[in-house]
Amino acid sequence: MTRHTTDIETIDSMPRGGPDASWLDRHLQTSRPEYLDRDDVPSRRKQKIAAYLDRAGERTGHHDYNAQLVVEQLFGIPNPRVLELGAGHGGLSARVLDLHPTAEVTVTDLDPASVADIEAGPLGHCPRATAEVVDATAIDAPDDSYDLVVFAMSFHHLPPSAAYRAIAEGTRVGKKLLVIDLKRPPAIVMALAFLLFLPAAVFLLTQSSPSAVAPVLHDAYISLLRSYSTSAFIALVAAADPTIAVEFLAARRQAAVVYTKL
Ligand SMILES: C[S@@+](CC[C@H](N)C(=O)[O-])C[C@H]1O[C@@H](n2cnc3c(N)ncnc32)[C@H](O)[C@@H]1O
């Protein structure tokens with residue numbers, strides 16, 4: 001584990017590629033919101049995107065893989081209390097409950113429609129699960145309420161000015177905060193990915209209904225541009241509280257960061 005300090009005034013303007021981002025990297029970012037973040041997008045459309053993400057998580061094995069990362073952090077805790085932030089569809093929490101027979105999970109999202117869908121689904125009937133609307137940057141819970149807080153594939157939705165608050169809040173209400181998110185590729189790879197992405201996008205748009213595929217493609221590319229680099233994850237925690245320790249887990253094609261308040 002390592003400790004770092006960052007000038008808090010610089011965090012709001014920090015590039016997604018971190019304080020040391022190259023010229024190209026600084027140009028490969030955007031403040032454009034995803035469909036999932038927009039208040040003017042109907043809930044039904046957002047729910048379709050969430051359902052697509054859930055299916056993709058199942059097919060690619062991401063839910064299982066991420067649930068395993070969560071369960072490893074619960075080792076040795078008899079009846080662990082877990083808070084999932086930005087759960088969207090709740091697929092990750094469902095897997096955690098499958099893998100860990102005594103874990104209790106509070107499944108949350110900022111979007112009330114997502115939480116209502118989670119409550120109406122299988123998690124709503126599970127005695128070890130509770131669903132709530134929670135803003136990751138202002139969590140309404142006492143200090144140390146949870147053994148682990150997990151924020152999966154959602155951290156990039158927050159600009160740096162909010163992301164560091166989510167780290168402070170997650171480590172306040174939980175003993176540990178596990179952030180799992182897109183791994184920001186090197187700038188040159190992102191630039192090339194955009195060139196490859198265009199023909200793939202055109203192909204996908206011709207294969208199914210454009211209104212169904214376009215928002216998912218849009219959000220996928222915006223997510224990549226908004227992903228944080230390793231140095232950004234470090235700068236964010238230093239702005240949140242320099243006494244929080246940061247550890248990068250070896251994770252398949254993803255960033256997996258454990259923040260622990262010492
Ligand atoms: C891409 S989805 C991720 C869903 C799910 N965790 C997954 O792994 O597929 C991002 C989610 O983050 C949520 N979100 C965005 N800002 C948030 C915030 N400040 N607090 C909590 N959730 C937030 C959105 O509502 C959305 O459901």
Side-chain angles (χ1 to χ4, degrees), residues 31-70 82-96 105-119 121 123 129 131-141 146 148-170 172-174 177-183 215-228 236 240 251-256:
S31 55
R32 188 184 170 91
E34 296 177 41
Y35 279 79
L36 283 175
D37 298 321
R38 284 171 39 185
D39 293 336
D40 61 323
V41 172
S43 282
R44 224 163 53 86
R45 197 161 200 194
K46 290 189 192 177
Q47 297 327 106
K48 277 190 183 166
I49 300 175
Y52 174 87
L53 292 175
D54 194 18
R55 286 197 302 277
E58 272 177 26
R59 284 192 198 139
T60 58
H62 260 88
H63 288 342
D64 286 328
Y65 185 80
N66 292 344
Q68 196 60 50
L69 289 177
V70 171
V82 178
L83 169 66
E84 184 183 3
L85 301 167
H89 39 71
L92 172 60
S93 282
R95 288 303 182 292
V96 170
V105 179
T106 305
V107 197
T108 72
D109 199 277
L110 182 62
D111 179 17
S114 295
V115 175
D117 278 0
I118 290 169
E119 271 174 336
L123 281 175
E132 279 176 29
V133 174
V134 171
D135 180 347
T137 66
I139 304 173
D140 185 12
Y146 299 97
L148 182 70
V149 177
V150 59
F151 201 12
M153 309 314 284
S154 306
F155 194 69
H156 64 271
H157 285 255
L158 309 180
S161 57
Y164 86 86
R165 289 207 307 273
I167 295 173
E169 280 293 85
R172 179 185 66 77
V173 302
L177 165 67
L178 169 62
V179 174
I180 304 170
D181 209 344
L182 298 167
K183 197 183 191 100
V216 173
L217 291 173
H218 171 274
D219 281 11
Y221 199 68
I222 297 293
S223 298
L224 193 65
L225 293 175
R226 292 166 91 193
S227 59
Y228 286 107
L236 287 168
R252 189 181 66 181
R253 299 193 300 275
Q254 298 180 107

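All figures in this text were calculated on a predicted structure; none of them were measured in a lab. Remember, it's 1-based here, ligands and their atoms both numbered in the order they're listed.
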Per-atom contacts of ligand 1 with [X], taking only distances under 4.0 Å to non-hydrogen atoms:
X	answer
Val134	20 (N), 21 (C)
Met153	1 (C), 3 (C), 8 (O)
Leu158	16 (N), 19 (N)
Leu110	16 (N), 17 (C), 18 (C), 19 (N), 20 (N), 21 (C), 22 (N), 23 (C)
Gly88	4 (C), 27 (O)

Backbone or side chain, does any N or O of [X] fall under 3.5 Å from an N or O of ligand 1?
X	result
Ser114	no
Leu85	no
Ala136	yes

In terms of residue, atom name and distance, what is the protein heavy atom nearest to [atom]?
atom	result
atom 3 (C) of ligand 1	Ser154 OG, 3.4 Å
atom 19 (N) of ligand 1	Asp135 OD1, 3.1 Å
atom 9 (O) of ligand 1	His89 NE2, 2.8 Å

Determine, using heavy atoms of [X] and all atoms of ligand 1, whether some pair is separated by less than 4.0 Å.
X	result
Lys46	no
Ala87	yes
Leu92	no

Just go through Asp109, Leu36, Asp111 and tell me whose heavy atom is the nearest to atom 24 (C) of ligand 1.
Asp109

Using 30° and 60° as the class limits, which term best fits the ring planes of His63 and His89: parallel, tilted or perpendicular?
tilted

Min side-chain heavy-atom separation Val96-Glu84 under 4.5 Å:
no

Considering only heavy atoms, does Glu34 approach ligand 1 within less than 4.0 Å through its side chain, its backbone, both, or neither?
neither

Counting only N and O atoms by type, is there a donor-acceptor contact under 3.5 Å from the side chain of Asp109 to the main-chain atoms of Gly88?
yes

